[in-house]
Number of protein chains: 2
Amino acid sequence: MLHGLTMLPALPETLETPEHNTAIHRMPGHQVRRLQQVAVALFAEELQPWDITPVQYAVLATLERHTPISQTTLSALIAYDRATIGGVIDRLDAKGWLSRTLDPDDRRLRLLSLTPAGRDVLACLHPPVKAVQARLLAPLSVDERQQFEALCLKLLRHHGG
Amino acid sequence: MLHGLTMLPALPETLETPEHNTAIHRMPGHQVRRLQQVAVALFAEELQPWDITPVQYAVLATLERHTPISQTTLSALIAYDRATIGGVIDRLDAKGWLSRTLDPDDRRLRLLSLTPAGRDVLACLHPPVKAVQARLLAPLSVDERQQFEALCLKLLRHHGG
DNA sequence: AGCATATCATATGCATTCTTACGAATTCAA
DNA sequence: TTGAATTCGTAAGAATGCATATGATATGCT
């Protein structure tokens with residue numbers, strides 16, 4: 001079962017049909033927000049045993065491929081705010097999943113690396129995260145999933161992603 | 001120009017191509033999050049003169065069509081958390097754009113209505129909000145926009161929206 | 001070398017977003 | 001009618017998300 005908001009409370013009978021709020025519900029901005037909401041809920045449900053958030057996974061998964069990198073490089077890779085990433089890294093550091101070391105060549109930089117524990121956890125995380133993606137697109141046919149990805153990527157490409 | 005994060009910092013030369021982080025960037029969850037990020041940035045930019053957030057607009061626009069309703073009904077209509085809506089309504093109330101009155105028939109309910117000022121503001125907000133939606137989908141052809149909306153709606157319908 | 005500029009990380013502040021929990025009020029049932 | 005279960009709004013806590021400002025460190029220009 002999904003958590004929280006994705007399970008909407010029942011509406012009064014006079015407001016039951018979606019048509020009653022067409023204006024907002026037909027805006028792509030609203031649709032994208034709702035999809036994000038669903039994706040986060042699915043993630044929380046599937047990853048519940050590990051108590052990890054989508055951002056935290058994104059950080060770990062990126063460090064698996066790019067090590068060592070600075071916080072700024074990391075935030076650019078996953079398109080998160082530099083300031084926000086700081087707190088995320090604090091929590092991952094507290095869990096012992098990554099380490100920060102001062103770059104001897106540039107002491108402004110804190111180079112991030114996965115710890116062995118972080119690497120082990122990440123191996124366990126990949127399957128449920130894949131399951132989240134599968135469940136998110138499950139309502140679509142194979143063709144539609146490819147269309148959806150292509151459209152998303154086209155939008156992001158043109159919006160500077 | 002977009003604000004903040006949508007303008008990503010430059011990456012080191014060794015990491016410049018998107019292919020370097022394929023795993024995450026090909027996940028629909030990540031793509032949806034990025035799209036939401038872009039949509040919020042476009043909204044903030046276009047609505048800057050009014051200092052209003054997407055949630056606040058959603059509340060006002062919904063009250064324009066459904067008045068008066070309780071906070072819980074409102075949150076269900078726009079798929080926002082009940083607790084979250086409370087703070088949003090506080091701010092809109094402080095701006096004098098909506099009013100809360102106790103329902104005499106059920107004193108648990110605070111019925112929400114737009115004030116005349118709120119109605120006036122909303123009239124000014126609709127055009128720039130429409131512009132945000134247009135800019136968000138601008139990279140797509142007319143056909144593609146319809147496809148994108150259809151796919152979003154199909155996903156949301158099956159995910160309990 | 002010395003100074004101005006730019007970059008990295010962080011701190012702060014504000015607004016979301018959601019979970020859990022709780023008091024107040026209402027509805028349902030025995 | 002009284003007691004139990006529900007519902008409404010809110011409070012508290014954790015994590016995001018972004019803008020702005022600050023300190024430390026590099027880099028570039030002269």
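Since the structure is predicted, the reported quantities are computational estimates derived from the model, not experimental observations. Each chain gets a letter, A, B and so on, in the order its sequence line appears, and its residues count up from 1.
In terms of position on DNA chain D, the residue among B/Ala83 and A/Arg108 whose nearest nucleotide sits closer to the 5' end is B/Ala83. For the pair A/Asp106 and B/Val40, nearest-nucleotide mapping onto DNA chain D gives the more 5' position to B/Val40.
The interatomic distance linking B/Asp93 (CG) with C/dA15 (C1') rounds to 17 Å, in whole Å. Atom pair B/Asp90:CG and D/dG9:P shows a separation of 12 Å (rounding to whole Å applied). In this entry the distance linking CZ of B/Arg33 with C1' of D/dC18 reads 13 Å, nearest Å. Protein atom CG of A/Asp81 is 7 Å distant from nucleotide atom P of D/dA19, rounded to whole Å. The separation between B/Arg110 atom CZ and C/dA24 atom P is 14 Å, rounded to whole Å. With rounding to whole Å, A/Leu109 atom CG is found 18 Å from C/dA6 atom P. Distance, A/Ile85 CD1 to C/dC8 P: 15 Å, rounded to whole Å. In this entry the distance linking CG of A/Leu112 with C1' of C/dA9 reads 11 Å, nearest Å.
Considering only the side chain of A/Ser70, C/dC8 comes nearest among C/dT26, D/dG9, C/dC8.
In terms of polar N and O atoms assigned as donor or acceptor, the side chain of B/Arg82 comes within less than 3.5 Å of the base of D/dG9 in a complementary pairing. Residue side chain A/Arg107 does not reach the base of D/dT25 through any donor-acceptor N/O pair under 3.5 Å, judged by distance alone.
Through chains of ILVMFWY side-chain contacts below 4.5 Å, A/Leu109 is grouped with A/Leu111.
Proximity of the aromatic rings of A/Tyr57 and A/His126 is defined here by a centroid distance below 6.0 angstrom, and this criterion is met.
Side-chain contact between B/Glu64 and B/Arg119: present, with at least one pair of heavy atoms (C-beta onward) separated by less than 4.5 Å.
A salt bridge is defined here as a Lys NZ or Arg NE, NH1 or NH2 lying under 4.0 Å from an Asp or Glu carboxylate O, and A/Arg110 with A/Asp93 fails to meet this definition.
Here the rule is side-chain contact (heavy atoms from CB on, under 4.5 Å) with B/Gln56, and of B/Ile89, B/Leu98, B/Val88, B/Leu125 only B/Val88 fits it.
For D/dC18, one of the phosphate oxygens OP1 or OP2 lies less than 4.0 angstrom from a side-chain nitrogen or oxygen of B/Gln37. For B/Thr72 and D/dG9, the shortest distance from a side-chain N or O to OP1 or OP2 is below 4.0 Å. An OP1 or OP2 oxygen of D/dT10 is reached within less than 4.0 angstrom by a side-chain nitrogen or oxygen of B/Gln71.
Using modelled atom types, no side-chain atom of B/Ser99 and backbone atom of B/Thr115 make a donor-acceptor pair closer than 3.5 Å.
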Short N/O separations, protein against nucleotides 13-16 of chain D, under 3.5 angstrom:
{"unit_1": "D/dT16", "atom_1": "OP1", "unit_2": "A/Thr53", "atom_2": "OG1", "d": "2.4"}
{"unit_1": "D/dT16", "atom_1": "OP2", "unit_2": "A/Arg91", "atom_2": "NH1", "d": "2.1"}

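What you find for B/Pro128 and B/Trp50 is that their closest heavy atoms are CG-CZ3, 3.8 Å.
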